[in-house]
Amino acid sequence: MLDSTYQSRERKNAPLTSIEREFILLTQKGLPIVSRPYDHLAEKLKLSVAEILAMSEDLLERGVIRRIAAVPNHYRAGYTFNGMTVWDVQDDVVKEYGALIGRLPFVSHCYQRPRCLPEWNYNLFAMIHGKNEQQISEYRTQIKQLLKDVLQTSEHKSNDMLTSSKILKKTGLRLQANKD
Amino acid sequence: MDALDKRILNRTQRGIPVSEQPFADIASELDCSEDEVINKLQHMLDDGLLSRFGPMYDAASLGGAFTLSAMQVPEERFDEVTEIVNAFSEVAHNYKRQHRLNMWFVVACESQQEIQSVIKDIEQQSSLPVYDFPKEEEFYVGLYLPV
């Protein structure tokens, strides 16, 4: 017997409902890899499996869930090199070019961020991943090629790449269970 | 990893279908059995080849506030400042990077005001300026690592 139903809200940036928060809390550590992975959620949330699937679709649609997927460990998959590439792109075209760079398969994150002059003149950040130093250097060259007409040098240099030399802290971001 | 492991990993990285039996759907796409998909994925997870399996959430849409911050830390003070920064539970990730700005960390809080107060506290305790680079526009988050 169902004692609650899930109603799609279809609005981007709609605040999460309490049942959606429950769904997220129950899946933060992942989904069970079993034939019917949503059955236990349906049982816990007292919804039908169809309603759980509708909620998943809705959260995907709204961008709350980016994707439901296998996430390989970068290092184990052989992708041991990464670089934070940063670019000084003309402000009037940064969104257009950011979208272009974000579509490259080796880019994992691509953001526009504010400059902080005079110390920092870069407004576009693209994190790249590869299997060796040569590969990330080639990827960086590809990005440079795409941006060649819109790069500028308001201070210092037009671009840079910051490789990470040490992880100082790494904790997962978790939704707080006690928040309303 | 055998050829089927690789095909399953490459396929499931891109996102599984939203359905009652998603692994059966993947199996029919890859022309293998549902049990093979399940057993192989579970093995990859147990083995640490997968860091997780399931929904990837956009942290910001869960209601928090985030920023990327950087500092220029003198080499002789690096360990001391690392301790100061890492002691904040709001600091989620922190990396040493090769640049004049050599420390980069993510601050995650419930609200914008809390972010500003954490940054002020870090500046006060370290006597160093913190450069704040909040996200203005997100173009892409995700990664496909073909194996």
Side-chain angles (χ1 to χ4, degrees), chain A residues 13 15-16 24 27-31 33-38 49 53 56-57 60 62-74 76-79 84 95 98-99 101-103 105 107-114 116 119-120 129 160 162-171 173 175, chain B residues 9 12-16 18-24 34 38 41-42 44-45 48-59 61-64 68 70 82 85-86 91-99 101 103-105 108 131-145 147:
Chain A
N13 304 321
L16 297 170
I24 292 164
T27 56
Q28 277 192 126
K29 287 189 175 152
L31 272 188
I33 305 175
V34 296
S35 179
R36 303 179 54 86
Y38 297 101
V49 173
L53 295 175
S56 306
E57 292 275 19
L60 277 161
R62 281 152 53 198
V64 175
I65 299 178
R66 296 183 189 279
R67 63 193 188 287
I68 304 170
V71 183
N73 175 317
H74 289 201
R76 290 289 307 277
Y79 291 81
M84 184 171 81
K95 286 185 172 52
I101 302 305
R103 282 200 289 272
V107 170
S108 68
H109 300 79
C110 187
Y111 296 114
Q112 180 188 352
R113 298 187 185 276
C116 192
E119 290 84 359
W120 186 263
H129 299 263
D160 210 336
L162 285 67
T163 52
S164 98
S165 52
K166 199 175 179 190
I167 298 174
L168 304 169
K169 184 178 188 180
K170 192 167 188 172
T171 54
L173 297 169
L175 187 67
Chain B
L9 178 51
T12 54
Q13 275 187 68
R14 295 177 177 278
I16 62 167
V18 177
S19 77
E20 287 187 23
Q21 290 183 265
F23 303 112
E34 183 188 20
I38 288 173
L41 281 173
Q42 188 62 54
M44 289 186 236
L45 188 65
L49 187 60
L50 294 187
S51 45
R52 79 190 291 282
F53 185 90
M56 303 292 296
Y57 288 101
D58 166 31
S61 62
L62 303 183
L68 177 67
T82 302
V85 172
N86 285 1
V91 171
H93 306 160
N94 187 6
Y95 290 89
K96 183 175 192 180
R97 293 193 181 275
Q98 285 158 328
H99 190 270
L101 295 180
M103 188 181 286
W104 288 80
F105 50 93
Y131 300 100
D132 186 18
F133 301 107
K135 172 174 88 178
E136 291 184 321
E137 185 84 29
E138 176 184 301
F139 302 111
Y140 181 76
V141 175
L143 181 61
Y144 176 58
L145 303 172
V147 293

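Reminder, nothing fancy here: chain letters follow the sequence lines and each chain counts from 1.
For the set A/Pro37, A/Gly78, A/Pro105, the count of heavy-atom pairs under 4.5 angstrom toward chain B peaks at A/Pro37. When the candidates A/Val34, A/Leu31, A/Leu168 are compared by the number of heavy-atom contacts under 4.5 Å with chain B, A/Leu168 comes out ahead.
In this structure, the ring pair (Phe, Tyr, Trp, His ring centres under 6.0 Å) partners of B/Phe53, at least two apart in sequence or on a different chain, are B/Phe23. Take B/His99 and apply the ring pair (Phe, Tyr, Trp, His ring centres under 6.0 Å) test, not counting sequence neighbours, and it matches A/Trp120.
When heavy atoms are compared at a cutoff of 4.5 Å, B/Gln98 approaches chain A by way of both its backbone and its side chain. Contact annotation for B/Met44: neither backbone nor side-chain heavy atoms come within less than 4.5 Å of a heavy atom of chain A. When heavy atoms are compared at a cutoff of 4.5 Å, A/His129 approaches chain B solely by way of its side chain, counted from C-beta outward. For a residue to count as touching a neighbouring chain, one of its non-hydrogen atoms must lie under 4.5 Å from one of that chain's; by this rule B/Leu68 touches chain A with backbone and side chain alike.
Note that CG of B/Asp58 and CD1 of A/Ile65 are 11.0 Å apart. Values are rounded to the nearest 0.5 Å. Between B/Ile16 atom CD1 and A/Arg67 atom CZ the span is 12.0 Å, to the nearest 0.5 Å. The structure places CD of A/Gln28 at 11.5 Å from CE of B/Met56, a figure rounded to the nearest 0.5 Å. Here B/Trp104 contributes atom CH2 and A/Met84 contributes atom CE; the two are 4.0 Å apart, rounded to the nearest 0.5 Å.
Listed here is the closest heavy atom pair of A/Ser35 and B/Ile38: N-CD1, 3.4 Å.
No donor-acceptor pair under 3.5 Å is formed between the side chain of A/Arg103 and the backbone N or O of B/Tyr140.
Using a 4.5 Å heavy-atom threshold, the side chains of B/His93 and A/Lys169 count as separate.
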